[in-house]
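Taking it in order: structure first as structure tokens, then the write-up.
Counting from 1, the numbers follow the sequence of the chain as shown.
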Amino acid sequence: MRRIGLGLLTLACALAVPSAYAHHSFSLDYHEDRSIKIEGTVEEFLYRNPHAILKVKVADPQRIAVTYAAEWAGAGRLERVGVTPETLKPGDVVQITGAPGRVEADYRIHLKQIVRPADGWTWGNNRGRR
């Protein structure tokens, strides 16, 4: 009986490790102590878990178009605050504030706040989430 208990404990630990690894700290990939703001056009909204990804085309300082991948909360969390797969569509102009990626050339941002100026919709930083 003791062997079965030990085997079950080992199995439980083995199953827990991948999910713990998958839920990494954002500070590994982003400068959480910094903030940048980008404005651009939505190319794609990947509404999924563990994190939704919003792809936004932005003109860099040299006026060259680049695509940022804005990492957001997971679909379940977004749904609880009213964000659905239809909330953002290709062509929407958005302003995003967040933590820049550690590798600048990757054009990544950890999304903290988003605004769609066309209708005033906003999410983040406890500021008028609708």
Side-chain angles (χ1 to χ4, degrees):
M1 191 65 165
R2 189 172 183 189
R3 274 185 154 172
I4 292 172
L6 184 58
L8 289 174
L9 178 62
T10 301
L11 178 62
C13 288
L15 292 174
V17 169
S19 64
Y21 176 75
H23 195 89
H24 63 276
S25 168
F26 281 111
S27 63
L28 291 174
D29 296 319
Y30 301 96
H31 291 288
E32 291 294 327
D33 58 336
R34 299 182 194 167
S35 182
I36 62 169
K37 184 174 183 176
I38 61 171
E39 181 171 350
T41 305
V42 173
E43 288 187 326
E44 186 176 17
F45 183 24
L46 302 170
Y47 191 81
R48 63 184 188 194
N49 286 313
H51 303 157
I53 303 291
L54 184 63
K55 294 185 179 181
V56 179
K57 185 173 274 189
V58 176
D60 74 3
Q62 289 77 34
R63 309 296 268 160
I64 298 170
V66 297
T67 299
Y68 270 82
E71 190 169 0
W72 205 349
R77 182 173 163 213
L78 291 174
E79 184 177 37
R80 286 192 295 277
V81 296
V83 178
T84 70
E86 292 78 34
T87 299
L88 296 164
K89 295 181 177 26
D92 285 349
V93 173
V94 294
Q95 298 168 341
I96 296 173
T97 303
R102 291 195 173 272
V103 179
E104 191 174 327
D106 287 347
Y107 298 104
R108 294 178 62 195
I109 184 171
H110 178 203
L111 191 152
K112 307 288 185 175
Q113 181 179 16
I114 182 169
V115 176
R116 185 175 47 217
D119 63 1
W121 177 85
T122 184
W123 179 96
N125 290 344
N126 298 322
R127 199 181 136 230
R129 292 182 184 184
R130 336 189 250 171

Nearest 0.5 angstrom please: [X] [atom1] to [Y] [atom2], how far?
{"X": "Ile96", "Y": "Leu54", "atom1": "CD1", "atom2": "CG", "answer": "5.0 Å"}
{"X": "Trp121", "Y": "Leu88", "atom1": "CH2", "atom2": "CG", "answer": "4.5 Å"}
{"X": "Asp119", "Y": "Asp92", "atom1": "CG", "atom2": "CG", "answer": "8.0 Å"}
{"X": "Asn49", "Y": "Arg77", "atom1": "CG", "atom2": "CZ", "answer": "11.5 Å"}
{"X": "Lys37", "Y": "Ile109", "atom1": "NZ", "atom2": "CD1", "answer": "11.0 Å"}

- In one Ile/Leu/Val/Met/Phe/Trp/Tyr side-chain cluster, 4.5 Å: Val66, Ile53: no

- Is there a chain of hydrophobic side chains (I, L, V, M, F, W, Y, each step under 4.5 Å between heavy atoms) that links Ile38 to Val93?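 The answer is no; the residues belong to distinct hydrophobic clusters.
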
Taking every non-hydrogen atom, the tightest pair across [X] and [Y]:
{"X": "Ser35", "Y": "Pro100", "value": "N-CD, 4.2 Å"}
{"X": "Ala70", "Y": "Leu111", "value": "CB-CD1, 4.0 Å"}
{"X": "Gly82", "Y": "Thr87", "value": "O-OG1, 3.9 Å"}
{"X": "Tyr107", "Y": "Thr67", "value": "CB-O, 3.5 Å"}

- Note on the structure: In Val42, Thr41, Leu46, the residue satisfying side-chain contact (heavy atoms from CB on, under 4.5 Å) with Lys55 is Leu46

- Classify the angle between the aromatic ring planes of Trp72 and Phe45 as parallel (below 30°), tilted (30 to 60°) or perpendicular (above 60°). tilted

- Query: Side chain of Thr122, backbone of Ile114: donor and acceptor closer than 3.5 Å?
  - Reply: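 Yes.
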
- Would you say Tyr47's side chain and Val83's backbone share a donor-acceptor pair under 3.5 angstrom?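 Indeed, once roles are kept as given, a pair shorter than 3.5 Å links the two residues.
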
- Item | Identified side-chain hydrogen bond (donor to acceptor under 3.5 Å, both in side chains) partner of His110 from the options His51, His31, Glu32, Glu71 |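 By the side-chain hydrogen bond (donor to acceptor under 3.5 Å, both in side chains) criterion, His110 pairs with just one of His51, His31, Glu32, Glu71: Glu32.
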
- Message: Does atom NZ (Lys89) have a neighbourhood of more than 12 heavy atoms from anything else shown, all under 6.0 Å?
- Response: yes

- So among Glu44, Glu43, Glu39, which one has a salt bridge (charged side-chain N to carboxylate O under 4.0 Å, His left out) with Lys57? Glu43

